[in-house]
Amino acid sequence: MADVDPGLPLPTETQDPASVGNDTLSNGTDAANATVAKFVSTPEGTALAYGSLVFMALLPIFFGALRSVSCAKSKNSSDMPETITSRDAARFPLIASCTLFGLYLFFKIFSEEYINLLLSMYFFILGILALSHTMSPFMNGLFPANFPNKQYQLLFTQGSGEGREEIVNYEFDTKDLVCLCISSVVGVWYILKKHWIANNLFGLAFALNGVELLHLNNVSTGCILLSGLFVYDVFWVFGTNVMVTVAKSFEAPIKLVFPQDLLEKGLEASNFAMLGLGDIVIPGIFIALLLRFDVSLKKNTRTYFYTSFLAYVFGLGLTIFVMHTFKHAQPALLYLVPACIGFPVVVALVKGELMEMFSYESSAEVLPHTLQPSHSPAAPSSPASLANSVQPSPSSPCRRRHTPASTYEESAPKVEAHKEEVEEKKEK
């Protein structure tokens, strides 16, 4: 969440535009207007709220990192995750800043009501797809063995013959349709009520998809990305009022919230502690990279993964401590970035594996025989990045449905050559 003064009234669903950008941990209020005294939560309510936020933040990082390993081991060219290169990482803060300032101008010029209506519909569709994809692996174990599971494919192409290009390629089955129906119920609940539980379900799905499907190609790229967004976060939170203005106007399920007055008001509570998804996804994709590095070492240990995971807990705890000490909302990446980078680097120095860690290339393990996508992924702070992160179909944790033209043109000759080679072998 952006820098928010705890004394200001906030609508239930105020939001930072950085969908996987840089958000700030902050407190909500119970004021009907600016003159009403701000809500003072009990120690128990505060502890429950922030403890729940920390727990919810750890879930998508842990499970998303595990699922990212499965994507990285995929041998099918259609299962490639989105790979972030050093060039992409260097441009992220600039694109995120432009997106943020653009939204600021939009809210200054146009009515909030109509903009948020469009955003609600956009994230309604996006949230259903993300939640369905997230649920699918867990739901598959609940279906009986004799469940009639039919296969379906939704294919949309451009052109014909050899020059045909796949635009959309959905592969799903009956189980996925069941997950889609359940997700749709949550989506309708969110649209009608904007309830914080529905918001959190969508938020967790977005975060898990981001950690799973956005892959850093190496540790150096991760350091560039985190360092750039560290500067971005500090500048826009402490240097201007742009993020504050957008945060109080933007409505979308791209943050996790938990009420501090839950013990007093139950599920109808309205005074929220908030954590932006950017504070989960950005460190999360770096932690997932370190897990893949652990796997590549083939030592049956997860030293760097657990180190960075504990570093994340430490950084988030420090953010909460500083926020309550100075009574001011904090950009969480200010504390998370040094912790998530510093702890694993220290461990690598102690173990003498620093050079090995920085020379590790995650992208080489995804598909070493296939060209990587030549297009740049969407900015981490733009809604388009969430669209990219949920492109895989629910039936496969990392199946991609979109083939960019540039990638297709580069890889098509090699694919055709490979097919001819296989046919020749069959004939022999």
Side-chain angles (χ1 to χ4, degrees), residues 19-20 55-84 126-143 170-173 175-176 179-180 182-183 200-217 222 256 277-298 300-302 304-306 308-309 312 340 360 362-367 373 377 380 385-402:
S19 60
V20 285
F55 177 73
M56 286 191 293
L58 296 179
L59 288 177
I61 291 178
F62 185 82
F63 289 105
L66 293 178
R67 288 169 64 161
S68 78
V69 174
S70 300
C71 283
K73 290 181 177 180
S74 172
K75 301 300 181 184
N76 193 325
S77 60
S78 65
D79 292 347
M80 287 168 50
E82 191 76 47
T83 302
I84 302 173
L126 211 56
I128 289 175
L129 294 175
L131 186 59
S132 177
H133 168 245
T134 302
M135 290 171 52
S136 184
F138 303 104
M139 291 293 292
N140 284 338
L142 301 179
F143 290 100
Y170 269 105
E171 294 180 12
F172 55 96
D173 53 31
K175 295 179 181 179
D176 298 324
C179 294
L180 199 63
I182 297 173
S183 302
N200 286 350
L201 289 174
F202 276 169
L204 288 170
F206 286 142
L208 191 145
N209 275 272
V211 174
E212 174 189 353
L213 300 171
L214 293 174
H215 286 199
L216 296 165
N217 63 350
L256 299 181
L277 295 192
D279 299 327
I280 301 172
V281 177
I282 298 302
I285 60 177
F286 186 74
I287 294 171
L289 171 67
L290 293 178
L291 175 60
R292 297 195 297 275
F293 171 60
D294 277 324
V295 172
S296 72
L297 294 176
K298 299 179 181 179
N300 294 323
T301 61
R302 301 293 181 265
Y304 294 100
F305 172 66
Y306 291 128
S308 57
F309 198 76
Y312 180 83
C340 290
Y360 166 70
S362 176
S363 57
E365 294 186 1
V366 177
L367 253 176
S385 62
L386 286 176
N388 286 340
S389 69
V390 295
Q391 285 298 315
S393 73
S395 60
S396 174
C398 50
R399 180 177 293 122
R400 296 191 60 79
R401 302 182 191 126
H402 176 252

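Worth knowing before you read on, the calculation uses all heavy atoms, side chains too, and leaves out hydrogens, waters and symmetry mates.
Taking CZ of F62 as the reference point, atom CG of L208 lies at 11.5 Å (rounded to 0.5 Å). How far SG of C179 is from CZ of F172: 12.5 Å, rounded to the nearest 0.5 Å. Note that the CG atom of L201 and the CG atom of L204 stand 7.0 Å from one another [nearest 0.5 Å]. For the atom pair I61 CD1 and L66 CG, the distance stands at 12.0 Å (nearest 0.5 Å). Here E212 contributes atom CD and E82 contributes atom CD; the two are 13.0 Å apart, rounded to the nearest 0.5 Å.
Y306 meets the ring pair (Phe, Tyr, Trp, His ring centres under 6.0 Å) test with no other residue; sequence neighbours excluded. Annotation: side-chain contact (heavy atoms from CB on, under 4.5 Å) contacts of L59 (sequence neighbours excluded): F55, F63. Here Y304 pairs with E353 under the side-chain hydrogen bond (donor to acceptor under 3.5 Å, both in side chains) rule; sequence neighbours left out. Scored by the side-chain contact (heavy atoms from CB on, under 4.5 Å) test, A65 finds A288, L291, F305 as partners (sequence neighbours excluded). Partners of S183 according to the side-chain contact (heavy atoms from CB on, under 4.5 Å) rule, which considers only residues two or more places apart in sequence or in another chain, are I128, L131, S132, M135. For T134, the side-chain hydrogen bond (donor to acceptor under 3.5 Å, both in side chains) partners at least two apart in sequence or on another chain are N209.
The closest side-chain heavy-atom distance from H215 to L289 is not below 4.5 Å. Under the 4.5 Å side-chain criterion, counting only non-hydrogen atoms from C-beta, F202 is not in contact with L126. Contact annotation: the side chain of L277 approaches that of L256 to within less than 4.5 Å [non-hydrogen atoms, C-beta and beyond].
Pairing each heavy atom of G222 with each of F286, the nearest pair is CA-CD1, 3.8 Å. Between S308 and C340, the shortest heavy-atom contact is O-SG, 4.4 Å. Between A57 and I280 the shortest heavy-atom distance is O-CG2, 3.7 Å.
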Criterion side chain to side chain contact (heavy atoms under 4.5 Å, CB included) on V295 and R302, from CA distance to verdict: CA-CA 7 Å; V295 172; R302 301 293 181 265; 4.0 Å; yes
Verdict with reasoning, L297 to Y360, per side chain to side chain contact (heavy atoms under 4.5 Å, CB included): CA-CA 10 Å; L297 294 176; Y360 166 70; over 6 Å; no
Verdict with supporting geometry, T83 and L216, side chain to side chain contact (heavy atoms under 4.5 Å, CB included): CA-CA 6 Å; T83 302; L216 296 165; over 6 Å; no
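D176 and S136 share a donor-acceptor pair across their side chains, judged by distance under 3.5 Å alone.
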